[in-house]
Amino acid sequence: MMMTSPTEQPVKPRQGEKKQLGQLLIDRGLITEEQLGEALANQGEHGHSKLLGEVLVEMRFVSEDQVVETLADAYGVPYAKVTPRIADPKVIETLPRDFIENHCVLPMFLINGKLTVAVPEPANVFLIDEIERVSGYAVQIVAATAHDIQQTMQSYLPNANVFVIDEIVEDIEAKDFSLVEKQVTDLSNLEEVAGHSPVVKLVNYLIFSAVQEAASDIHIEPDDGRLRVRYRVDGRLFEKICPPYQMHAAVVSRIKIMAGLDISERRLPQDGGIHVMLENRPIDLRVSTMPGKYGEKVVIRIIDNSNNLVTLEKLGFNYEMLNRLKESLAQPNGIVLVTGPTGSGKSTTLYSMLSQLNDPEVNISTVEDPVENNLMGINQFQVNDKAGFKFASALRALLRQDPDIVMVGEIRDQETSRIAIQAALTGHLVLSTLHTNDATSAVTRLFNIGIEPYLVAASLRCVLAQRLVRKICSNCKEPAEVAAPMRLAVEKSVGKVDGLFHGAGCSKCRHTGFSGRIGIFELLTPDDQVLDAVARGGTLQELRSMILTDDYATLRRDGMEKVKAGLTTVEEVFHATAA
């Protein structure tokens, strides 16, 4: 936005200056008289607490760049597209950190005693005088957007990030974040450093804030003289902070100690786990390290049981598809497969199925790698490749444990798939996953693994293919103007639509326009004709010609239904269902 930090009360332009900005934008052909009138009316409704430029950007009449460039031209100030490459990190020390953050300014470089500073409001002469007073240098200003200034600070000025981290970590009470040191052997050493080490504070903050932001992964990535931390939220990565590169080795060592890994081994990948209690609920963290050119990269997978345990009704199935899936799960035997790429929500769906089937009168057992969620009343076993306890051997042993329902985390090879199929044929209901692009491909995938077609036909009950798409943020949801080809694609799948929506972007969704995710699904429940073709070993093209009828709901069609319902966007569905 064009305003500085909310903690500062910026000098508000006079009414004539507001009209001048509006007229300048009109003269440039960026807005119309009608749009200016709407913006002024909107500004009046807020009691002139917002600058006109900010209102125009919020109403999406112009971009922030266009407003700043117009103001720069009006005041005879250079306009700069500020990036980290043109800023000198050492010059930031010419101004106090709190001054930089509160006023959203960026010292860029110092030449011959003149300090060049990027500011978002070139009209604020009082701020310019204050910069000169605080820095002690003559100041040359350039106009830049607040967004560019903040991004540059976060990317290449790590000292500012350390300041922010310290501020936030100090606000976290000890009772809100406690480590369950199950894997750590030297507890006394950890207790010694826990109270004063900034590295411990940083690692705690990264985990704490990632859980608060509902991130699924934390990426700690060293580069040439730079360290960045990214979070994956709703399936997309975004840069969170850039701590000083010098902290990298210490941060990695701290995480290794927490995960019970060897801190002296930096040449080989390692995997481990951490258990924490956050806000009185258990969080499991799976840690993976990988040696790289500039040091070890660390990825932490966050498994929050409170977010993952959901019912089938909340996953996003339509009424008809949900009923067909429940009918398949009610079968006394057979195999039910969930397919999709990594990160498509297969594990969540399997756990939802198990919750649906959970009953004191049946014995439900699982073989997983690893066990991601603890389900009360269900026997869960984790494979251990190092000990020789693999999927096939675990499943073979499990079938001697008198199970009624078996869940196999993934069918990876012929031996595991053959045991699973045999179990399905001998009176057990088997749930598992495969990595295929759609439901039909799961059948031919079993053929390719080495399962005889007649066995597949005899055991298969249903195949559920799925993807995850981001949901439009309910806080900033608004009607969207969609290009004609996009609208045509929706109407071709689901008929005429009254209106489509998108998220304008707000603080609650980090200005992405999306918050949370929902599943899109394709459910294949083969009839006798399809099963006959499967038993004959029909090709993928033959099976698709029989299955993909006009009333068959493909992944894309189900996605378009959710577009029509205003839950997601056309672009999200195309991205998720690209062949």
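Just so you know, these numbers use all the heavy atoms, side chains as well, and skip hydrogens, waters and symmetry mates.
- Taking the six-membered ring where tryptophan is involved, the planes of F238 and Y231 are perpendicular, since the angle between them exceeds 60° and thus also 30°.
- Note that CD1 of I141 and OH of Y75 are 10.5 Å apart. Values are rounded to the nearest 0.5 Å.
- When every heavy atom of D234 is checked against every heavy atom of F514, the shortest pair comes out as OD2-O, 4.2 Å.
- When atom types are taken as modelled, the side chain of T569 and the backbone of H502 share no donor-acceptor pair closer than 3.5 angstrom.
- Note that the CD1 atom of I283 and the CD1 atom of I303 stand 10.0 Å from one another [nearest 0.5 Å].
- Side chains of S63 and D65: no donor on one and acceptor on the other come within 3.5 Å.
- Judged by distance alone, the side chain of E132 and the main-chain N or O of V139 form a donor-acceptor pair under 3.5 Å.
- Using a 4.0 Å cut-off between a side-chain N of Lys or Arg and a carboxylate O of Asp or Glu, R412 and D369 qualify as a salt bridge.
- Expressed to the nearest 0.5 Å, how far CG of L30 lies from CG of L56 amounts to 10.0 Å.
- Among all heavy-atom pairs drawn from G345 and L468, the shortest one is N-CD1, 3.9 Å.
- Q466 places no side-chain N or O within 3.5 Å of a backbone atom of F521 that could act as its donor or acceptor partner.
- For the pair L500 and V570, the minimum side-chain heavy-atom distance is below 4.5 Å.
- For F501, the CZ atom counts as densely surrounded, since its 6.0 Å shell holds more than 12 non-hydrogen atoms of other residues, nucleotides or ligands.
- Taking CG of L261 as the reference point, atom OG1 of T289 lies at 6.0 Å (rounded to 0.5 Å).
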After noting the C-alpha distance and the side-chain angles of R286 and D271, does the key distance pass the salt bridge (charged side-chain N to carboxylate O under 4.0 Å, His left out) rule? CA-CA 7 Å; R286 281 161 40 192; D271 296 291; over 6 Å; no
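- R133 and E130 are joined by a salt bridge, as a carboxylate oxygen and a charged side-chain nitrogen come within less than 4.0 angstrom of each other.
- Counted by atom type alone, D224 and Y245 present zero donor-acceptor pairs between their side chains at under 3.5 Å.
- For the pair V91/M108, no side-chain contact is recorded, criterion being any heavy-atom separation below 4.5 Å from C-beta on.
- A donor-acceptor pair under 3.5 Å links the side-chain atoms of K477 to the main chain of G566, judged by distance alone.
- Judged by distance alone, with hydrogens and angles left aside, the side-chain atoms of Q66 form no donor-acceptor pair with the main-chain N or O of E69 at under 3.5 Å.
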Would you please test I472 and L567 for side-chain contact (heavy atoms from CB on, under 4.5 Å) and show each step? CA-CA 6 Å; I472 297 172; L567 297 174; over 6 Å; no
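- Closest non-hydrogen pair, C242 versus R226, comes out as SG-NH2, 3.4 Å.
- Side-chain contact check for V117 versus T94: every heavy-atom pair is 4.5 Å or farther apart.
- Using a 3.5 Å distance cut-off with no hydrogens or angles, the side chains of D73 and T70 do not pair a donor with an acceptor.
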Quick one, E522 with L464, criterion side-chain contact (heavy atoms from CB on, under 4.5 Å). Give me CA distance, side-chain angles, the key distance, then yes/no. CA-CA 6 Å; E522 173 185 337; L464 177 70; over 6 Å; no
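- Here the options are E239, E221, H219, the test is side-chain hydrogen bond (donor to acceptor under 3.5 Å, both in side chains), and the partner is R230; only E221 passes.
- Closest approach of P96 to V134, counting heavy atoms only: CD-CG1, 3.5 Å.
- For the pair P122 and A143, the tightest heavy-atom approach, listed with the atom from each and the gap, is CG-CB, 4.3 Å.
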Verify side-chain contact (heavy atoms from CB on, under 4.5 Å) between V287 and I255, making sure each step is shown before the conclusion. CA-CA 8 Å; V287 177; I255 294 171; 3.8 Å; yes
Check the pair R228, D223 against side-chain contact (heavy atoms from CB on, under 4.5 Å), reporting the backbone distance first and the verdict last. CA-CA 8 Å; R228 69 173 178 177; D223 204 338; over 6 Å; no
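- For the side-chain hydrogen bond (donor to acceptor under 3.5 Å, both in side chains) with E296, the lone residue among Q270, K256, R267 that qualifies is K256.
- Nearest approach of C509 to G505, heavy atoms of both residues: SG-CA, 4.0 Å.
- Looking only at side-chain heavy atoms (C-beta outward), S515 and S474 stay at 4.5 Å or farther from each other.
- Looking at K346, its side chain does come within 3.5 Å of a backbone N or O of G340 through a donor-acceptor pair.
- The closest side-chain donor-acceptor pair between E64 and H147, if any, does not fall under 3.5 angstrom.
- Inter-residue side-chain proximity for I218 and V229 is flagged as met; some heavy-atom pair is nearer than 4.5 Å.
- Note: I274 CD1 to D284 CG = 10.5 Å, rounded to the nearest 0.5 Å.
- Taking 4.5 Å as the limit, every side-chain heavy atom of R517 sits out of range of all side-chain heavy atoms of V469.
- Looking at heavy atoms from C-beta onward, V383 lies out of side-chain contact with E368 at the 4.5 angstrom threshold.
- Atom NZ of K508 and atom SG of C476 lie 10.0 Å apart (nearest 0.5 Å).
- Residues R467 and N437 are in side-chain contact: their nearest non-hydrogen atoms beyond the backbone lie under 4.5 Å apart.
- The residues D558 and K562 are annotated as salt-bridged, a charged nitrogen and a carboxylate oxygen being separated by less than 4.0 angstrom.
- With a 6.0 Å radius and a threshold of 12 heavy atoms from other residues, nucleotides or ligands, R510 has its CZ atom above the threshold.
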